[in-house]
J.: 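One structure, pasted below without further comment.
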Number of protein chains: 2
Amino acid sequence: MQLLFEDLKEKLKKKNINLSYQRLKVLEYLTQVRTHPTVDQIFTDLQKDISTLSKTTVYNTLRVLVQAGLVRVITIEDNETRYDIDVRDHGHFKCESCGKIYDFNIDMNSLIVKDLNNFKIDDKNVYFKGICPQCL
Amino acid sequence: MQLLFEDLKEKLKKKNINLSYQRLKVLEYLTQVRTHPTVDQIFTDLQKDISTLSKTTVYNTLRVLVQAGLVRVITIEDNETRYDIDVRDHGHFKCESCGKIYDFNIDMNSLIVKDLNNFKIDDKNVYFKGICPQCL
DNA sequence: TACATTATTGTACTTAGTACAAATTATAAT
DNA sequence: ATTATAATTTGTACTAAGTACAATAATGTA
């Protein structure tokens, strides 16, 4: 996990994105808390360490990280935008009972569809909903 | 198209959902306007016909229709909830240039993943983003 | 028709996210 | 080190989506 964080710092440097204290803290948080947190969760938790933290900074930082391709946005639910440090292709399952979001492996290449022959595809998201084993 | 609308009216009756004027108008709109409209688009257009229409009614109606399984929610973008009268399995592609949302066929069964063996899956969504042929 | 139930409407409220200017911090050059 | 410049953070005000709820209207039923 620590390796991932150091790796991400390198990637930021290479993209000429300043490694400010706040940005590093957000990045560190996302590498450690793998529950696909919302802005509010990130802000509330980080504020315990950084008392002067502004929610705007969290929004700004996440926008920067998403644009840099280091973080992905999850819009599985219309009323909650979530963030994921894992940008590799994978699906998300939301349990409608406990609310937890699970990652699952998926072969995105097996998804390629003839209908989109002449389309330039930049981003693929697969969202499932239902009930998880623990809640069943 | 008219056949679809009549068919949907039947389904509403069978589910004991009142066929109020407003609900029928929303349903009719969704069968005719296949651009995956937002609440605001539905409300603005229908208000031309129904001057007393309330946005709350549109929200209520859509909730009823979604719960009845006659309409599906599309959360491809975090800042815009859209609605689709086509509840059959299919994917959605959003062009990040013109904003248009395209439907595409997809074999959801080929997607089944071992990671979700003990999960009860109720809803499957596939969202792609990129640039459409017209914008390329 | 009269009653009970359900749906609609409008207002007030909540909350996620944005705009923007002031203050702070970092960067670079001399 | 000092200054000038640029970038970042912060806080406030604002916008817009969506909800809560009570009053009104419409509908179904005996």
Side-chain angles (χ1 to χ4, degrees), chain A residues 9 12-29 36-68 70-84 94 99 101, chain B residues 8-9 12-29 36-68 70-84 99 101:
Chain A
K9 276 169 71 174
L12 279 184
K13 266 190 199 163
K14 278 180 188 160
K15 285 177 185 282
N16 281 324
I17 295 169
N18 278 206
L19 282 67
S20 77
Y21 182 66
Q22 289 83 347
R23 284 175 182 174
L24 287 175
K25 277 294 182 183
V26 170
L27 206 56
E28 187 190 44
Y29 183 87
H36 318 88
T38 62
V39 165
D40 205 64
Q41 287 164 349
I42 299 168
F43 171 72
T44 303
D45 281 349
L46 286 183
Q47 210 187 22
K48 294 168 190 164
D49 284 335
I50 315 166
S51 61
T52 63
L53 185 66
S54 164
K55 199 174 266 190
T56 306
T57 299
V58 180
Y59 277 106
N60 288 341
T61 300
L62 288 169
R63 181 164 26 77
V64 168
L65 295 176
V66 168
Q67 280 172 353
L70 298 189
V71 168
R72 97 173 358 203
V73 179
I74 302 174
T75 59
I76 195 169
E77 207 71 78
D78 59 339
N79 53 346
E80 52 177 37
T81 303
R82 292 169 170 272
Y83 296 87
D84 193 347
K94 171 159 186 175
I101 291 181
Chain B
L8 288 168
K9 276 168 71 173
L12 279 185
K13 267 189 199 165
K14 278 179 187 163
K15 285 176 184 281
N16 282 323
I17 296 170
N18 277 205
L19 282 68
S20 77
Y21 182 66
Q22 289 84 348
R23 284 176 182 172
L24 287 175
K25 278 294 181 183
V26 169
L27 207 56
E28 187 189 47
Y29 183 87
H36 317 89
T38 63
V39 164
D40 205 64
Q41 286 163 349
I42 299 168
F43 171 73
T44 303
D45 282 350
L46 286 184
Q47 211 187 24
K48 293 169 190 163
D49 284 336
I50 316 165
S51 60
T52 62
L53 185 66
S54 163
K55 198 174 266 189
T56 305
T57 299
V58 179
Y59 277 107
N60 288 340
T61 299
L62 287 169
R63 182 163 27 79
V64 168
L65 294 176
V66 168
Q67 280 173 352
L70 298 188
V71 168
R72 97 168 4 199
V73 179
I74 302 174
T75 58
I76 195 169
E77 208 72 80
D78 59 338
N79 54 347
E80 53 177 38
T81 303
R82 293 170 170 272
Y83 295 87
D84 192 348
I101 292 182

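Every chain is numbered from 1, with letters handed out A, B, ... down the list of sequences. What's counted below: heavy atoms across the whole structure, side chains too, no hydrogens, waters or symmetry copies.
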J.: Could you tell me whether the side chain of A:Thr81 and the main chain of A:Thr75 form a donor-acceptor pair under 3.5 Å?
T.: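 Side chain of A:Thr81 to backbone of A:Thr75, a donor-acceptor pair under 3.5 Å: no, none is there.
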
J.: Run the side-chain contact (heavy atoms from CB on, under 4.5 Å) test against A:Thr61 and tell me which residues pass, sequence neighbours left out.
T.: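 Once residues adjacent in sequence are excluded, the partners of A:Thr61 under the side-chain contact (heavy atoms from CB on, under 4.5 Å) criterion are A:Arg23, A:Val26, A:Thr57, A:Leu65.
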
J.: Could I get a table of every N or O pair under 3.5 Å where one atom is in the protein and the other is in nucleotides 4-9 of chain D?
T.:
{"unit_1": "D:dT8", "atom_1": "OP1", "unit_2": "A:Arg23", "atom_2": "NH1", "d": "2.9"}
{"unit_1": "D:dT8", "atom_1": "OP1", "unit_2": "A:Arg23", "atom_2": "NH2", "d": "3.4"}
{"unit_1": "D:dT9", "atom_1": "OP1", "unit_2": "A:Ser20", "atom_2": "OG", "d": "2.3"}
{"unit_1": "D:dT9", "atom_1": "O3'", "unit_2": "A:Gln22", "atom_2": "NE2", "d": "3.0"}

J.: For A:Asp78, what residues pass the side chain to side chain donor-acceptor pair (under 3.5 Å) criterion, not counting sequence neighbours?
T.: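 Once residues adjacent in sequence are excluded, A:Asp78 has no partner under the side chain to side chain donor-acceptor pair (under 3.5 Å) criterion.
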
J.: Can you check nucleotides 16-19 of chain C for protein contacts, nitrogen or oxygen pairs under 3.5 Å, and list what you find?
T.:
{"unit_1": "C:dG17", "atom_1": "OP1", "unit_2": "A:Thr81", "atom_2": "OG1", "d": "2.8"}
{"unit_1": "C:dG17", "atom_1": "OP2", "unit_2": "A:Tyr59", "atom_2": "OH", "d": "2.9"}
{"unit_1": "C:dG17", "atom_1": "O5'", "unit_2": "A:Tyr59", "atom_2": "OH", "d": "3.4"}

J.: Output all residues satisfying side-chain contact (heavy atoms from CB on, under 4.5 Å) with B:Leu24, sequence neighbours left out; order by chain, then residue number.
T.: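 Partners of B:Leu24 under the side-chain contact (heavy atoms from CB on, under 4.5 Å) test: B:Phe5, B:Lys9, B:Leu19.
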
J.: Identify, with sequence neighbours excluded, every residue that meets side chain to side chain donor-acceptor pair (under 3.5 Å) alongside A:Glu80.
T.: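 Testing A:Glu80 for side chain to side chain donor-acceptor pair (under 3.5 Å), a comparison that skips the adjacent residues, returns A:Arg82, A:Lys94.
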
J.: B:Arg72: which residues meet the side chain to side chain donor-acceptor pair (under 3.5 Å) condition with it, sequence neighbours left out?
T.: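 Here the qualifying residues are B:Asn125.
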
J.: Please list, chain by chain and in numerical order, all residues satisfying salt bridge (Lys or Arg N to Asp or Glu O under 4.0 Å) with B:Lys48, sequence neighbours excluded.
T.: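 B:Asp45.
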
J.: Can you give me the bend angle of the helix from C:dT1-D:dA30 to C:dT30-D:dA1? Use the axis through the first five pairs and the one through the last five, nearest 10 degrees.
T.: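 Computed angle between terminal axes is 30°.
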
J.: Can you name the side chain to side chain donor-acceptor pair (under 3.5 Å) partners of A:Gln41, sequence neighbours left out?
T.: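 Expected list: none.
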
J.: With sequence neighbours left out, which residue pairs that include part of residues 49-65 of chain B fulfil the salt bridge (charged side-chain N to carboxylate O under 4.0 Å, His left out) condition?
T.: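 Those involving residues 49-65 of chain B are B:Asp40-B:Lys55.
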
J.: How close or far is atom P of C:dT6 from atom CG of B:Leu12, stated in whole angstroms?
T.: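 One finds 16 Å between P of C:dT6 and CG of B:Leu12, rounded.
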
J.: Rounding to an integer number of Å, can you tell me how far B:Leu19 CG sits from D:dG28 C1'?
T.: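 One finds 13 Å between C1' of D:dG28 and CG of B:Leu19, rounded.
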
J.: Could you tell me how far apart B:Lys13 (NZ) and D:dG28 (P) are, to the nearest whole angstrom?
T.: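 Roughly 11 Å, once rounded to whole Å.
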
J.: Looking at residues at least two apart in the chain, or sitting in another chain, which of them share a side-chain contact (heavy atoms from CB on, under 4.5 Å) with A:Lys15?
T.: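 By the side-chain contact (heavy atoms from CB on, under 4.5 Å) rule, A:Lys15 matches A:Ile17, A:Ala68.
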
J.: In whole Å, I'd like the distance from the CG atom of B:Leu65 to the C1' atom of C:dA7.
T.: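 One finds 13 Å between C1' of C:dA7 and CG of B:Leu65, rounded.
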
